Amino acid sequence: MEFNHQSIEAKWRKHWVENNTYKVSNDNQDKPKFYVLDMFPYPSGAGLHVGHPLGYIASDIYARFKRLEGFNVLHPMGFDAFGLPAEEYALQTGIHPSKSTSDNIVQYRAQLANLGFSFDWSREVVTCEPKYYKWTQWIFTLLYANYFDQNTNKAESISSLVETFAQSGNSTVKAATTFEDTFTAAEWNAKSEIEKQDILSHYRLAFRQVGYVNWCEALGTVLANDQVIDGVSERGGHPVEQKAMTQWYLRITAYADRLLYGLDNLEWSDALKAMQTNWIGRSEGASLRFDVEGSDQQVEVFTTRPDTIYGATYIVLAPEHDLVDQLTSPEQKTEVEEYVKSVKMRSEIERMAEKQVSGVFIGAYATNPFTNKKMPIWIGEYVLAGYGTGAIMAVPSDDERDNIFATKFGLEIVDVVDKSKYPNASLADKVGFMINSEDLNGLEVKDAITEVCKQVEERKIGKAKINYKMRDANFGRQRYWGEPIPVSYDKDGLVTTLPLENLPLELPDTSDFKPSGDGKSPLARIDSFVNVDGGLTRETDTMPAVAGSSWYFLRYMDPNNDEAFASESALNYWQDVDLYVGGAEHAVSHLLYSRFWNKFLFDKGYLPKEEPFKKLINQGMIQGVIESIYLLREKKDGDYHFMCAAMVEKLGIEDAVPLPVHVSFVSDYGTKKSHLNIAGFKSFIKWRPEYENAIFECSKGVFHKGRWSKKGDSEDSLMLTKSEIGKMSKRYYNVINPDDVIAEHGADVFRMYEMFLGPIEQSKPWDINSISGVSKFLKKYWAMFFKEETFALSDDEPTKEELKIFHGTIKKVRHDIERFSFNTCVSAFMEGVNNLRKINCDKRAILEPFTVLLAPFAPFVTEELWQLMGKQGSVHMSQYPKFEEKYLVEDSISYPISINGKKRALHDFPAGTAKDVLEKEALELEVVKKWTEGKEIKKIIVVPNKMINIVVAG
RNA sequence: GCCCUGGUGGUGGAAUUGGUAGACACGCAGGACUUAAAAUCCUGUGGCCUUUGGGCCGUGCGGGUUCAAGUCCCGCCCGGGGCACCA
């Protein structure tokens, strides 16, 4: 008897909702907690495709497993609902982002429900709802009211900083700041409020500053660095330029060290940790100041190789460096100006593509404080304005780029490191002995670095310094669909943040989403929003998409709290996320911001844990197969001419363009035999009517104007398509909707199949062809409960053999779930069921707990069987079976016997046979004698329960 | 260039600490049932040789350690991802 997956699924979906089966309580605090989180989706109009659920299925299996093990499991879902796509859609269609977003959320919820996830929907978080973003705004104001104290190594309040300034100035303050001057208490107290606030903004964790930003004219907004790919916007591929604007920033660099060292204690993949480490980009070195001849200016450089100071023969500034104008000599002025102009005109892509060294001498000299030699000052575009101090001391002997530059322009090269003792070392290894460096001579590089740093500090010409690649995070977007920044300005530009009782600052309604083009958001046009009582004006920038996702995992703990972002008791109970599953595309944006916000809230005493995500799994992507047919460039008798992929290849035709076709027309999709048949041609023509009269030619025949004329006597009518692996995207017409697969095969089969495809972290192309294996498995399992159409189980005691198979399966599945190897769990189920069926197992004592074992993977079918077995309550709230070793004990062990490491025989010995008996008996076996005859036996290795190896001479 | 990954049959992939390579599936071939097909079930399936006992080769390539290497070490090659004039 077969089961009807559609009616079973509909029944239990409804039942689970009506009975709040998956609702989690914060009052169960006597139970141990476990928090399993998915990265919440952005609800795009395209809906979910088969790639999205991969991670959700894995986390759901794990959550269900932990629940059955007796944990109180928090497994929530929500939506990251603010962001550019909804606004772009609104610009094109006039549909309000709140409307399209909520429509999309409805679709997403339905698709997720089809998959049978055990989310507690009563905890749903939607980032664009005022009751949620009230707290996003509040955290922002909290960041504004704090600075990072490097003495305590944590965030401290600005008011305490103001007190310190008033009492003792800033000389004792060690903080993450861009303010470099010192002042006394008297000087501070004499400053005006505007001056004071200006200084404080250099300390605040949320602050405004003028900076170069990635301005995208086409989108009318500023983009974060990670939203710019190869000089164009990540969304839409529009050009991006550098523009000076006053912007809100978050001082994430204050937490650079804690973000870096915090990685050590996280169970994240090495790949992901490496990505964050690279992004933070910590490098130790020194900053050094060089006097400039005939000027009171100094050039400050950052170097990781202060030891090579005796080899520093010239200076290079970035073309945008502040001192360029001041230091350029009159003779060099024209050349320098032309160079700077040419650099600015070229886009970043052009600059990178060239890879050529270029630069100009500016006609000024600095002095090397160690050699006292003159160092010509150059500008060159290989020196970046945004890194370090925007200036370098060039050491052509020990830096490859400096070397190329010096060689090209004939600058002096002095060898200062003898690397002859390290013939295989690269420059990056920083090894060797100092030469030509006076008192440093003979020192190892490492020691020389320490020595130079010491001397430099003594002579007050620099200091040891740590530099980071990571920049402070731009936090303003000139767009409508985001959280308003809860700030207003008075007529002097002084900032007021909205207090908690006035939050949320709601996003006003409008129907005009066009960017203003002058760099302001559409909010700037809404007078009632901009003008506040008391002559204040509001900030009109909104927060970036990453704001809402930086703390949503905390809100799930207590989602409807209106007094706090979450109650203290909820935070103390749920603590942190035990398992986080999501895509690697968020490796540096979302995952870094979340860690930053979490650390900040921890510093302020709101959270019990410093790191938000203990264990992280990155699921791989499910790729699509792009199916194309070849369109020849030349028409045939005025009609479009398509040709079979095999013919194009065979004939070596180059004048053919692959045209992606909708994969639903393609038969044997994704295989080598993928093709269009007559029905396929007809669907294609209906889909693209401009090809109504096109000729479709392949080796078997020709399809033209609705008729198939065969060549020769072939009965086949198929046109092979070209298959390549790529993204699943609307653009390639290859999106597979999970709803369709579920309708055909069922949600349980879909879930197990996605898990069966391979390791969760690996990317793989979608291939529906082997889904039949999983489908057959579930049918077989179901059939074990029936005899001739009626449900029937035996209440007899299980046999030793049955228990052995069952406990073997428990052992394997438990072990593999714990290491997130879900594909091998599915294999283990198949093996277990195959073996139990072989011995016609129909015992309740086996099949009942086996159903619980399977429940996390196939929640619908197991729930139905649970009910058929007459059990009360849900199978998902029962208990996971325990594995007992005693059932696995073997009577005899099959030993492989090797001669010189090569397996030659297999022989059964009773379990527990002593080593010396094994040796003796093995040697007496006929098969063994054949190999040992007349040879000296040098050694016998016996590994109990594993193998026997006999080593013979010759 | 740097960092991180991965490379195993026709295909997806298995293989705790080094200990029977290819589990589990798909596909393919043959068979049963059927008027036929679908579905289902059974058997075989890494390659080569073979006197049908078995033998030789085999986890990207070349070396090495070991009684024993897909697994460890050294040197390469190729695919995927990230960063990239980062001083």
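Every chain is numbered from 1, with letters handed out A, B, ... down the list of sequences. Model, not experiment: these values are computed from the prediction. Only this structure's heavy atoms are used, side chains among them; waters, hydrogens and symmetry mates stay out.
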Q.
For a quick test of reading the model: is some side-chain N or O of A:Arg401 closer than 4.0 Å to OP1 or OP2 of B:rC86?
A. yes
**Q.** Residue-phosphate contact under 4.0 Å: A:Lys776 side-chain N/O, B:rC26 OP1/OP2
**A.** yes
Q.
Categorize A:Lys812 for me: base, sugar-phosphate, or nothing, with a 4.0 angstrom heavy-atom threshold over every strand shown.
A. nothing
Q: Identify whether NZ of Lys or CZ of Arg in A:Arg595 sits under 6.0 Å from the centre of the six-membered ring of A:Trp279 and within 45° of that ring's axis.
A: no
Q: Could you tell me the separation between the CG atom of A:Asn278 and the P atom of B:rU5, rounded to a whole number of Å?
A: 12 Å
Q) Which part of the nucleic acid does A:Lys902 contact within heavy-atom distance under 4.0 Å: base, sugar-phosphate only, or nothing? A) sugar-phosphate
Q: Determine the interatomic distance between C1' on B:rA36 and the same-named atom on B:rG27; round to the nearest Å.
A: 25 Å
Q | d(CG, A:Asn618; C1', B:rC4) in whole Å | A | 12 Å
Q. A:Gln623 has an atom CD; how far is it from atom C1' of B:rG6, in whole Å?
A. 13 Å
Q) Pick one for B:rG53: is it syn, with its angle within 90° of 0, or anti? A) syn
(Q) Rounding to an integer number of Å, can you tell me how far A:Lys903 NZ sits from B:rC56 P? (A) 13 Å
(Q) With a 6.0 Å cut-off on the ring centroids, do A:His907 and A:Phe909 count as close? (A) yes
Q. Any N or O donor-acceptor pair linking the side chain of A:Lys946 to the base of B:rU17 at under 3.5 Å?
A. yes
Q: Please test A:Met470 against A:Leu592 for side chain to side chain contact (heavy atoms under 4.5 Å, CB included), starting from the C-alpha separation and ending with a verdict.
A: CA-CA 11 Å; A:Met470 184 166 68; A:Leu592 207 55; 4.0 Å; yes
(Q) Give me the distance, rounded to whole Å, that separates B:rU20 from B:rG46 when you measure between the C1' atoms they each carry. (A) 16 Å
Q: Please state how far atom OH in A:Tyr753 lies from atom P in B:rG12, giving the value in whole angstrom units.
A: 12 Å
Q.
What's A:Trp931 touching, base or sugar-phosphate or nothing? Going by heavy atoms closer than 4.0 Å.
A. sugar-phosphate
Q: Give A:Ser770 one of three labels, base, sugar-phosphate or nothing, depending on what nucleic acid heavy atoms sit under 4.0 Å from its own.
A: sugar-phosphate
Q. Using a cut-off of 4.0 Å on non-hydrogen atoms, how would the nucleic acid contact of A:Val951 be classed: base, sugar-phosphate, or nothing?
A. sugar-phosphate
Q) Relative to the 5' end of RNA chain B, which residue comes earlier, A:Gly386 or A:Ala274, by the nucleotide with the nearest heavy atom? A) A:Ala274
Q: Taking atom C1' in both B:rC2 and B:rG13, compute the distance separating them and give it to the nearest angstrom.
A: 32 Å
Q: Starting from P on B:rA87, measure out to CD on A:Glu284 and report it in whole angstrom.
A: 12 Å
Q: Please confirm whether the backbone N or O of A:Gly582 pairs with a side-chain atom of A:Asn618, one donor and one acceptor, at under 3.5 Å?
A: yes
Q: Indicate whether OP1 or OP2 belonging to B:rA25 is found under 4.0 Å from a side-chain N or O atom of A:Asn834.
A: yes
Q: Rounded to the nearest angstrom, tell me the gap between atom CG in A:Asp767 and atom C1' in B:rG27.
A: 10 Å
(Q) Could you check whether A:Thr721 and A:Glu627, counting side-chain N and O atoms only, form a donor-acceptor pair closer than 3.5 Å? (A) yes
Q) NA contact type, A:Met947, heavy-atom cut-off 4.0 Å: base, sugar-phosphate, or nothing? A) base
Q. Does A:Tyr314 use its side chain to pair, donor to acceptor, with the backbone of A:Asp402 at less than 3.5 Å?
A. yes
Q.
Can you check the distance between B:rG81 and B:rC76, where both ends of the measurement are the P atom (answer in whole Å)?
A. 24 Å
(Q) Work out how far the P atom of B:rA15 is from that of B:rG60, and round it to whole angstrom. (A) 16 Å
(Q) Looking at A:Arg904, I'd like to know whether one of its side-chain N or O atoms comes within less than 4.0 Å of OP1 or OP2 on B:rU20. (A) no
Q: Give one of base, sugar-phosphate or nothing for A:Ile941, where a contact means two heavy atoms less than 4.0 Å apart.
A: base
Q) Whom does B:rC83 pair with, Watson-Crick or G-U wobble, provided both distances fall under 3.5 Å? A) B:rG1
**Q.** G-U wobble or Watson-Crick pairing nucleotide for B:rU40 (cut-off 3.5 Å, both distances)
**A.** B:rA32
Q: Please work out if A:Pro759 contacts a base, only the sugar-phosphate, or nothing of the nucleic acid, heavy-atom cut-off 4.0 Å.
A: sugar-phosphate
Q) For the base of B:rC67, is there a side-chain donor-acceptor partner from A:Asn949 under 3.5 Å away? A) yes
Q. Do the side-chain N or O atoms of A:Lys939 get closer than 4.0 angstrom to the phosphate oxygens (OP1, OP2) of B:rC67?
A. yes
Q. Does A:Lys465 offer a backbone N or O that forms a donor-acceptor pair with the side chain of A:Ser287 under 3.5 Å?
A. no
Q: Please check the phosphate of B:rA14 (OP1 and OP2 only) for any side-chain N or O of A:Asn823 closer than 4.0 Å.
A: yes
Q) What integer number of Å spans the C1' atoms of B:rA21 and B:rU8? A) 8 Å
Q. Does any nucleotide pair with B:rU52 by Watson-Crick or G-U wobble geometry, both distances under 3.5 Å, and what is it?
A. none
**Q.** Whole-Å gap separating P (B:rC67) and NZ (A:Lys915)
**A.** 15 Å
Q.
Need one value for A:Ser763: base, sugar-phosphate or nothing, where a base atom within 4.0 Å counts as base even if backbone is also close, heavy atoms only.
A. nothing
Q: Provide the Watson-Crick or G-U wobble partner of B:rU16, both distances under 3.5 Å; none if there is no partner.
A: none
Q.
Roughly how many Å apart are B:rG7 and B:rU45, using the P atom of each and rounding to a whole number?
A. 26 Å
Q.
Is B:rG9 syn or anti, taking syn as a glycosidic angle within 90° of 0?
A. syn
Q | Complement of B:rG6, any strand, by Watson-Crick or G-U distances under 3.5 angstrom | A | B:rC78
Q) Is any NZ, NE, NH1 or NH2 atom of the basic residue among A:Glu284 and A:Arg282 found under 4.0 Å from an Asp or Glu carboxylate oxygen of the other? A) yes
Q. Which part of the nucleic acid, if any, lies within reach of A:Phe756 when heavy atoms closer than 4.0 Å are counted: base, sugar-phosphate only, or nothing?
A. base
Q.
Tell me which nucleotide, if any, is Watson-Crick or G-U wobble paired with B:rG46 when both distances must be under 3.5 Å.
A. B:rC57
Q. Considering only the C1' atoms, how many Å lie between B:rG9 and B:rG47, rounded to the nearest integer?
A. 9 Å
Q: Just do the side chain to side chain contact (heavy atoms under 4.5 Å, CB included) check on A:Trp378 and A:Ile362 with the steps written out, would you?
A: CA-CA 5 Å; A:Trp378 286 64; A:Ile362 67 166; over 6 Å; no
Q) If each of A:Ser283 and A:Lys811 is mapped to the nucleotide of RNA chain B with the nearest heavy atom, which maps nearer the 5' terminus, i.e. the 5' end? A) A:Lys811
Q: Ignoring backbone atoms, establish whether A:Gln762 has a side-chain N or O less than 4.0 Å from OP1 or OP2 of B:rG13.
A: yes
Q | Residue A:Asp399, side-chain atoms from C-beta onward, closest of B:rA87, B:rC67, B:rC4 | A | B:rA87
